[in-house]
4 protein chains.
Amino acid sequence: MTGKMKDKSELILEAALQVFAELGYHRAPVSRIAKAAGVADGTIYLYFKSKEDILITLIRGKLGELVDKFRESVSQSDHPRDAIRTMCRIHYTELERNRALAMVTQIELRQSDLELRRAIGHAVKPYIRLIEQVLLKGMEMKVFRDDLDVKLIRHLLFGAMDEVVTTWLIAERPYSLSAQVDGTVDFFLLAIER
Amino acid sequence: MTGKMKDKSELILEAALQVFAELGYHRAPVSRIAKAAGVADGTIYLYFKSKEDILITLIRGKLGELVDKFRESVSQSDHPRDAIRTMCRIHYTELERNRALAMVTQIELRQSDLELRRAIGHAVKPYIRLIEQVLLKGMEMKVFRDDLDVKLIRHLLFGAMDEVVTTWLIAERPYSLSAQVDGTVDFFLLAIER
Amino acid sequence: MTGKMKDKSELILEAALQVFAELGYHRAPVSRIAKAAGVADGTIYLYFKSKEDILITLIRGKLGELVDKFRESVSQSDHPRDAIRTMCRIHYTELERNRALAMVTQIELRQSDLELRRAIGHAVKPYIRLIEQVLLKGMEMKVFRDDLDVKLIRHLLFGAMDEVVTTWLIAERPYSLSAQVDGTVDFFLLAIER
Amino acid sequence: MTGKMKDKSELILEAALQVFAELGYHRAPVSRIAKAAGVADGTIYLYFKSKEDILITLIRGKLGELVDKFRESVSQSDHPRDAIRTMCRIHYTELERNRALAMVTQIELRQSDLELRRAIGHAVKPYIRLIEQVLLKGMEMKVFRDDLDVKLIRHLLFGAMDEVVTTWLIAERPYSLSAQVDGTVDFFLLAIER
DNA sequence: CATGAATGAGTTTTCATTCAT
DNA sequence: TATGAATGAAAACTCATTCAT
């Protein structure tokens with residue numbers, strides 16, 4: 001039974017994702033999340049200690065899943081060039097598929113106090129580090145330039161992709177995000193390949 | 001006396017910038033802005049029609065000033081390569097100097113509802129377009145590759161710089177933002193120069 | 001226990017009636033109603049969606065009860081003449097007994113915006129229609145003149161009684177309202193009986 | 001020059017009448033009245049000591065004018081029957097012509113606290129007394145019944161007319177108010193003539 | 001007399017959180 | 001564990017009134 005029956009806290013997180021995506025964190029009443037999850041308002045507080053706690057847990061969990069995917073795919077790429085392309089593809093594809101998550105990570109994740117911002121920053125770090133590892137491996141394999149400032153460039157890569165996602169998200173007219181993969185990666189490679 | 005006496009709406013905007021930077025837009029009560037500006041709560045509403053109006057006016061004004069600086073400097077650069085470097089330098093230097101503004105543009109600008117997000121997006125557009133113009137000029141002058149997807153790359157450049165600023169902003173330990181200019185620009189140039 | 005325990009929304013309405021009667025709708029803060037009802041401010045909004053909603057519900061409920069009494073009594077009157085007298089007696093007696101209700105219906109009911117005024121007008125309509133029915137029945141039974149303009153006269157009767165109540169309500173010196181029944185009805189009958 | 005130049009307080013009252021009629025007393029900001037009158041907000045307080053004072057003065061003045069018209073016309077009527085008809089005609093015609101005034105007297109006049117209500121009640125009293133005088137004259141001339149309870153009946157007449165005006169005022173569909181004169185007066189006469 | 005910028009008390013409403021059941 | 005009614009602090013905004021010019 002444990003297999004099919006979702007954990008109730010999972011249920012609440014799922015509901016919160018939808019509600020945050022629709023209304024934004026600050027405009028999303030806890031009662032609405034409760035209703036969406038099919039539980040009583042008070043029940044939420046048996047699983048989370050505050051509304052903020054929901055958001056943090058949510059982001060951590062979802063980004064954790066994403067990072068796992070990144071890691072897995074990267075480990076299967078022989079060539080760093082392919083690893084970069086794969087990461088970008090997953091980055092764009094997953095967020096395109098899960099618009100609610102994109103909404104929350106791109107818009108809400110930037111939110112509120114420094115405290116929260118930092119807490120969430122930690123969730124992104126593994127991804128940033130993964131990018132770094134790929135860069136290092138590429139340098140080691142002599143396919144990337146040997147003078148790369150990896151500490152800086154990992155942020156340049158992440159920031160560039162991040163902005164592309166945000167731009168897509170708030171665009172008035174819909175277009176394909178995943179179609180931007182090659183343009184993005186080609187740009188990167190020009191800058192980092194020997 | 002008119003020289004010393006700042007316009008009261010300017011006074012309020014200045015106060016709002018500080019308060020927003022400290023607390024974040026949603027957690028900043030109008031009463032706190034009023035107190036910081038040394039005026040009564042109601043006075044705020046003689047100059048702005050709502051709290052949101054303060055934020056929008058603030059962003060528009062400050063970003064407008066920034067964009068003006070960009071434009072002026074760019075127009076003085078003969079070579080597109082220098083223009084790119086100048087833009088990045090101003091971007092990093094100005095936000096390093098005005099941390100409160102950085103706070104609001106990097107953190108608050110991303111938040112709130114889609115509505116506001118879009119409204120503010122317009123304030124950034126001129127900058128994005130300026131980047132585009134530099135790219136085009138560089139292509140025309142045959143110093144940049146002739147196959148650049150400018151619509152995409154302008155976002156890649158902006159996003160990369162933006163992320164570097166945000167990372168600096170939320171960093172636990174202080175370091176120089178302006179010191180990142182050359183690393184950033186060199187990366188860009190490798191990707192776009194012939 | 002359910003017997004003694006009044007519905008909480010009933011409790012709030014009761015409190016609102018008192019407060020509205022004392023201060024008038026516009027001068028009555030919701031917080032005061034809450035205090036009078038012995039609940040927290042926020043509790044009010046679990047039962048009513050706005051302050052205006054309280055007033056409308058209140059009027060509708062109380063006037064509804066009154067109209068029910070009118071209807072019942074009228075149905076027990078064989079002769080239209082008695083029906084008229086009974087209506088007037090109930091009208092005067094009930095409002096004399098429930099001064100707070102009179103206050104709200106006579107003073108507050110008239111106030112506020114046209115919107116509200118109309119909404120409340122609907123609550124009075126059934127009473128006006130009941131008067132009309134009695135008139136028609138009297139004409140049919142040949143005890144009232146056959147040339148009565150019922151659409152107009154129903155308002156003349158209602159308005160006349162209404163003014164008597166208002167005059168009584170704002171009088172400096174107290175006197176019996178119910179003692180005016182016969183004078184009022186005799187006047188009416190002279191005008192409408194054959 | 002005094003002839004053409006309206007007194008400034010008159011100007012303000014005129015403006016207040018329009019604004020009250022449009023928005024209702026409580027929703028009408030003093031600043032709006034000032035703007036409509038073409039004076040500064042503060043100027044209002046040189047002529048009136050409060051917003052409420054404006055309303056009271058306004059009603060008193062306008063109703064005073066009306067009562068003067070009633071008195072003049074009545075004094076020209078030889079027969080009490082005609083006097084009654086004339087009063088009703090003026091009552092309906094004047095308010096039909098001056099909808100703003102009707103709005104204020106019928107809706108706003110009923111408003112707010114008992115204090116105001118009473119103050120305004122005084123303005124109506126002369127009219128009520130005039131009705132009484134006509135009734136007495138008619139009894140004296142033996143054209144009206146000699147057993148009329150004039151203290152009551154004057155209110156029945158006023159209330160009946162008043163309600164007809166209010167009904168007309170809040171009606172969804174427009175119709176002629178003055179067309180109701182004969183129906184109303186015929187009803188009265190049946191009740192009071194010998 | 002006239003102005004109109006400034007005031008700040010007062011109001012409605014929302015919503016995260018608690019706790020008796 | 002689960003509920004959901006109740007709480008009450010907080011917050012945005014309005015506007016009658018004042019007063020320095």
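Below, all heavy atoms of this structure are taken into account, side chains as well, without hydrogens, waters or symmetry copies.
Judged as a side chain to side chain contact (heavy atoms under 4.5 Å, CB included), and not counting sequence neighbours, the contacts of A:Ala100 are A:Leu17, A:Gln18, A:Ala21, A:Asn98.
For C:Ser50, the listed nucleotide lying nearest its side chain is E:dT13; candidates were F:dA5, E:dT13, E:dT3. With E:dT3, F:dC13, F:dA2 as the choices, the nucleotide that has an atom nearest any side-chain atom of B:Tyr45 turns out to be F:dC13. Relative to the side chain of C:Val30, the nucleotides E:dT12, F:dA12, F:dC15 differ in distance, and E:dT12 lies closest. Closest to the side chain of A:Leu46, from the set E:dA16, F:dT1, F:dT7, is F:dT1. Between F:dT17, F:dA2, F:dT7, one nucleotide has an atom nearer to the side chain of A:Lys8 than all others, and that is F:dA2.
Of the possible donor and acceptor atoms, none in the side chain of A:Arg60 sits under 3.5 Å from a partner among the backbone N and O of A:His122. D:Tyr25 contributes a side-chain N or O that, together with a main-chain N or O of D:Glu52, makes up a donor-acceptor pair within less than 3.5 Å. Looking at C:Arg27, its side chain never comes within 3.5 Å of a backbone N or O of C:Glu22 through a donor-acceptor pair.
The phosphate of E:dA6 has OP1 or OP2 within less than 4.0 Å of a side-chain N or O from B:Tyr47. OP1 or OP2 of E:dT7 sits under 4.0 Å from a side-chain N or O of B:Thr43. Between D:Lys49 and F:dT17 there is no side-chain polar atom (N or O) within less than 4.0 angstrom of OP1 or OP2.
Atom pair A:Ile54:CD1 and E:dC15:P shows a separation of 15 Å (rounding to whole Å applied). Atom NE2 of D:His26 and atom P of F:dA16 are 10 Å apart (whole Å). In this structure, A:Ile33 places its CD1 atom 16 Å from C1' of F:dG4, rounding to the nearest Å. Look at CD1 on A:Ile44: it is 13 Å from P on E:dT18, rounded to the nearest Å. Whole-Å rounding puts the B:Arg32 CZ to F:dA9 P distance at 20 Å. Atoms OH (D:Tyr25) and P (F:dC15) sit 13 Å apart, rounded to a whole Å. One atom, NZ of C:Lys51, and another, P of E:dT11, lie 8 Å apart when rounded to the nearest Å. Computed from coordinates, the C:Lys35 NZ to E:dT11 P distance equals 12 Å when rounded to whole Å.
Judged by closest nucleotide on DNA chain E, B:Gly42 is the one of B:Gly42 and C:Ser31 placed further toward the 5' end. Mapping D:Asp41 and C:Ala40 onto DNA chain F by nearest heavy atom places C:Ala40 at the nucleotide closer to the 5' end.
Nucleic acid contact for C:Ala34: none, since no nucleic acid atom lies under 4.0 Å from a heavy atom of the residue.
Side-chain atoms of A:Phe20 and A:Ile54, non-hydrogen and from C-beta on, do get closer than 4.5 Å to each other.
Pair assignment for F:dA20 gives E:dT3, based on Watson-Crick or G-U wobble hydrogen-bonding distances that are each under 3.5 Å.
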